[in-house]
Amino acid sequence: MPAFSIIENFKVQTNQEFLDKAAALEPALYEETVTAKRLVTVTADADNGPVLHPQGRIDALSDMAFQKGDKVIIDFGAHQTGYLSFTATTQGSHYDAPAFLKLKFAEVFWELTEDADEYNGWLSRSWIQEEWLHLRILPDTVRLPARYAFRYLQIEVIDTSPKYALKFEQIFCTSVSSAGKDQGRPYQGRDELLKEIDKASVKTLKECMQKVFEDGVKRDRRLWLGDLRLQARTNYVTFQNYDLVKRCLYLFAGMTFKDGRMSACFFHEPQLQADDTYLLDYALLFASVLWDYYEASGDTETMLELYPAAAEQIDICLNTMMDENHTVSDQGEAFWCFLDWGEGLNKQAGAQAVLIYSMRFAIRLAEAAKDERRVRQYASEIEILKKAAREQFWDETQGMFVSGSMRQVSWASQVWMVLAEVLDQEQSRQLLLHTRRFHPAVRMVTPYMYHHYIDALILCGEEELALEELKRFWGGMIQAGADTFWEVYDPDNRQESPYGSTMVNSYCHAWSCTPAYLLRTFYRHK
């Protein structure tokens, strides 16, 4: 399902004052030295897939020597985001040829069984985490300049010479994050699985807190607006790093499309640059991100300064993307909405719901900014949009919302209509229960969508069911060995990938971090 945007001669409009404020908020990265913990092996199992086996403590490495064709797998004990260092020495005669090594980094152990030469996905193969090194002078202490995301490291000796063997020692990772210490209320529940879920959620967020809130530390390593919304909410109940959220808000508002539309993502290296990708739902949700920040931080100055940018995203949609039925048109080139990676997912109904949902936050911002004109306008528009949603998308026969000309039924449409409060609370509750029984073929694929499903269940009063679903979904990753949460997870299909290959799937991904927010907000004593 290739999905990318290329705009020739792409130009942006820049608010240098905003970009300067963002630059001044660039965080320091805290470093932690993490040493390797143990040696492991991975074997293939025809029935169960790859299997991890302990091989010994890391101390055993000092007794091992490696020549052409030898390899070793090193486990750091937990996911790391940082810079690898190690020392290579020799044993035997004086080395008479360079040592040629291949390093393979893996966030989860089964990545070590994947062969990059067989990759056939539509994202660049360059995201696969491998390095080839020639060590020309030995002994040699190596510190890789590139940052990697990994728990497991495989070192393979491609060649040395028959006269000597290699030995490896002092293997460690300089892990980096801007998160600092968890300052929030710790999760105090009694359920051991929920404690593990909270722990992995916090670690996922911490790893992704770099100079911006990155979406994934393996890939794409950039700031996405949809991910930011979920990361920021989790940050407020954990690390409480308000300045990092503020920096990201100013970046999005500081460099936009020429017509004022907000980019879906932002590059922060080697220089600040808005991407030429526009996602309608992400742009609309800027209002939610800004309100959440204001509510958590009390920073009135930033809220007032960025409120016009949030309102502009709503106004652009209302003024340029609506059809005669007061529904979001999905026909124009400007319509590109994410919602989820579900194969064939029609986005029109979901986009309508995200617009309504975001306008509720825009009204709160307008009230705080004393913009009475927009308060009245948005309140009136919301009622029109909700009425249109019921008239155009509700299918009485199926008892669910449909989307697009083919009147598709999907999980995403139902969930977002509940979050938009198009129906009353009891009707919304019945809709979600009915959807669970019906189980639409266009299903939820990402933890991003599952978060919104859990959020919708809580909103309509199904807190216990929401907790059950949270444990089933994120707990399933824990039981599969996760210590950070993944970009994509299907309990029935480990090969699930929106990119045509799991080799570029991310296993420490920002939009998966929200159980810590949900647990610490709604389930503190479970």
Side-chain angles (χ1 to χ4, degrees), residues 29 31 33-42 55-56 58-76 79-121 123-176 217-221 269-270 501 503-504:
L29 296 181
E31 296 186 353
T33 300
V34 179
T35 56
K37 298 297 186 290
R38 62 174 182 165
L39 304 179
V40 298
T41 58
V42 179
Q55 188 179 9
I58 193 65
D59 300 349
L61 188 62
S62 62
D63 298 324
M64 302 170 71
F66 300 88
Q67 290 188 295
K68 180 178 181 179
D70 293 335
K71 63 180 68 171
V72 64
I73 300 173
I74 297 160
D75 179 6
F76 280 75
H79 190 283
Q80 307 299 324
T81 299
Y83 300 88
L84 177 72
S85 298
F86 65 91
T87 297
T89 61
T90 63
Q91 176 179 289
S93 297
H94 184 82
Y95 74 94
D96 59 339
F100 183 22
L101 308 179
K102 177 183 177 181
L103 308 182
K104 187 168 185 175
F105 298 85
E107 294 185 295
V108 290
F109 69 84
W110 54 84
E111 288 183 283
L112 296 171
T113 67
E114 297 172 334
D115 184 353
D117 289 337
E118 298 177 359
Y119 177 70
N120 60 358
L123 285 182
S124 174
R125 174 180 164 174
S126 62
W127 286 116
I128 297 174
Q129 299 189 108
E130 297 178 333
E131 286 274 6
W132 283 261
L133 299 177
H134 286 84
L135 306 183
R136 292 179 171 83
I137 302 215
L138 293 165
D140 192 3
T141 296
V142 176
R143 185 185 191 275
L144 295 186
R147 195 191 80 193
Y148 280 96
F150 66 102
R151 172 172 174 170
Y152 302 96
L153 167 68
Q154 178 176 279
I155 304 177
E156 180 179 356
V157 179
I158 304 299
D159 212 348
T160 54
S161 90
K163 296 191 69 172
Y164 75 95
L166 279 173
K167 295 178 74 68
F168 300 106
E169 55 191 38
Q170 298 177 343
I171 300 176
F172 64 92
C173 176
T174 304
S175 294
V176 293
V217 283
K218 169 185 173 180
R219 195 224 85 241
D220 305 321
R221 301 173 59 161
E269 293 176 327
S501 171
M503 291 189 206
V504 290

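All of these numbers come straight from a predicted model, not from anything done at the bench.
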Open item on the list: Let me confirm one number: the CG-CG distance from Asp140 to Leu166, rounded to the nearest 0.5 Å.
Closed with: 10.5 Å
Open item on the list: Can you tell whether the side chains of Asp75 and Arg38 come within less than 4.0 Å, N to carboxylate O?
Closed with: yes
- [ ] Could I get the full list of side chain to side chain donor-acceptor pair (under 3.5 Å) partners for Arg219, not counting sequence neighbours?
- [x] Glu487, Tyr499
Side-chain donor-acceptor pairs of residues 82-92 under 3.5 Å, sequence neighbours excluded:
unit_1 : atom_1 : unit_2 : atom_2 : d
Thr87  : OG1    : Thr141 : OG1    : 3.2
Thr87  : OG1    : Gln170 : OE1    : 3.2

Task: Residues in salt bridge (Lys or Arg N to Asp or Glu O under 4.0 Å) contact with Glu111, at least two apart in sequence or another chain - done: Lys218
TODO: Quick one: pull up NZ in Lys104 and CD in Glu130 and give me the separation to the nearest 0.5 Å.
DONE: 5.5 Å
- [ ] Could you pull out the closest heavy-atom pair between Glu31 and Val176, with the gap in Å?
- [x] CG-CG1, 3.9 Å
Open item on the list: Nearest 0.5 Å, please: how far is OG in Ser124 from OH in Tyr119?
Closed with: 7.5 Å
Task: Criterion side-chain contact (heavy atoms from CB on, under 4.5 Å) on Tyr164 and Asp96, from CA distance to verdict - done: CA-CA 8 Å; Tyr164 75 95; Asp96 59 339; 4.2 Å; yes
Open item on the list: Using the ring pair (Phe, Tyr, Trp, His ring centres under 6.0 Å) criterion, which residues pair with Tyr152? Sequence neighbours excluded.
Closed with: none
Open item on the list: Among residues at least two apart in sequence or on other chains, which ones pass side-chain contact (heavy atoms from CB on, under 4.5 Å) with Asp63?
Closed with: none
TODO: Drop me the distance from Trp132's CH2 to Ile158's CD1, to the nearest 0.5 angstrom.
DONE: 8.0 Å
Task: Donor-acceptor pair between Ser175 and Gln80 side chains, under 3.5 angstrom - done: yes
TODO: Starting from the C-alpha separation in whole Å, work towards a yes-or-no answer on side-chain contact (heavy atoms from CB on, under 4.5 Å) for His94 and Lys163.
DONE: CA-CA 7 Å; His94 184 82; Lys163 296 191 69 172; over 6 Å; no
Task: Partners passing side chain to side chain donor-acceptor pair (under 3.5 Å) against Asp220 (at least two apart in sequence or in another chain) - done: Trp224
TODO: Look up atom CD1 in Ile155 and atom CG in Leu101, then write down how far apart they are to the nearest 0.5 Å.
DONE: 7.0 Å
TODO: Could you tell me the separation between the CE atom of Met503 and the CG atom of Leu123, rounded to the nearest 0.5 Å?
DONE: 13.0 Å
- [ ] Please name all residues satisfying side chain to side chain donor-acceptor pair (under 3.5 Å) with Glu131, sequence neighbours left out, ordered by chain then number.
- [x] Tyr148
Task: Side-chain donor or acceptor of Gln129 paired with backbone N/O of Ala149 under 3.5 Å - done: yes
Task: Lys71 (side chain) donor-acceptor with Gly69 (main chain) under 3.5 angstrom - done: no
Open item on the list: Please enumerate all residues that pass side-chain contact (heavy atoms from CB on, under 4.5 Å) together with Ala36, with sequence neighbours excluded.
Closed with: Ile58, Ile74, Phe76, Ile171
Task: Which residues share a ring pair (Phe, Tyr, Trp, His ring centres under 6.0 Å) with Phe172, sequence neighbours left out - done: none
TODO: For the residue pair Glu156 and Gln154, establish whether any side-chain heavy-atom pair is separated by less than 4.5 Å.
DONE: yes
Open item on the list: Asp117: which residues meet the side-chain contact (heavy atoms from CB on, under 4.5 Å) condition with it, sequence neighbours left out?
Closed with: Asp115, Arg125
Task: Heavy-atom check, side chain of Met64 versus side chain of Asp70, under 4.5 Å - done: no
Open item on the list: Just so I know, are the side chains of Gln55 and Ile73 near enough to count as touching, which here means a heavy-atom distance under 4.5 Å?
Closed with: no
Task: side-chain contact (heavy atoms from CB on, under 4.5 Å) involving Lys68 - partner list, sequence neighbours excluded - done: Asp159
Open item on the list: I want to check something: taking the side chain as every heavy atom from C-beta on, are Phe105 and Leu144 in contact at a cut-off of under 4.5 Å?
Closed with: yes
TODO: For Gln67 and Ala165, work out which heavy atoms get closest and say how close.
DONE: CG-CB, 3.6 Å
TODO: Not counting sequence neighbours, which residues clear side chain to side chain donor-acceptor pair (under 3.5 Å) with Thr160? List them please.
DONE: none
Task: Nearest non-hydrogen partners of Leu61 and Leu39, listed with the distance - done: N-CD1, 4.1 Å
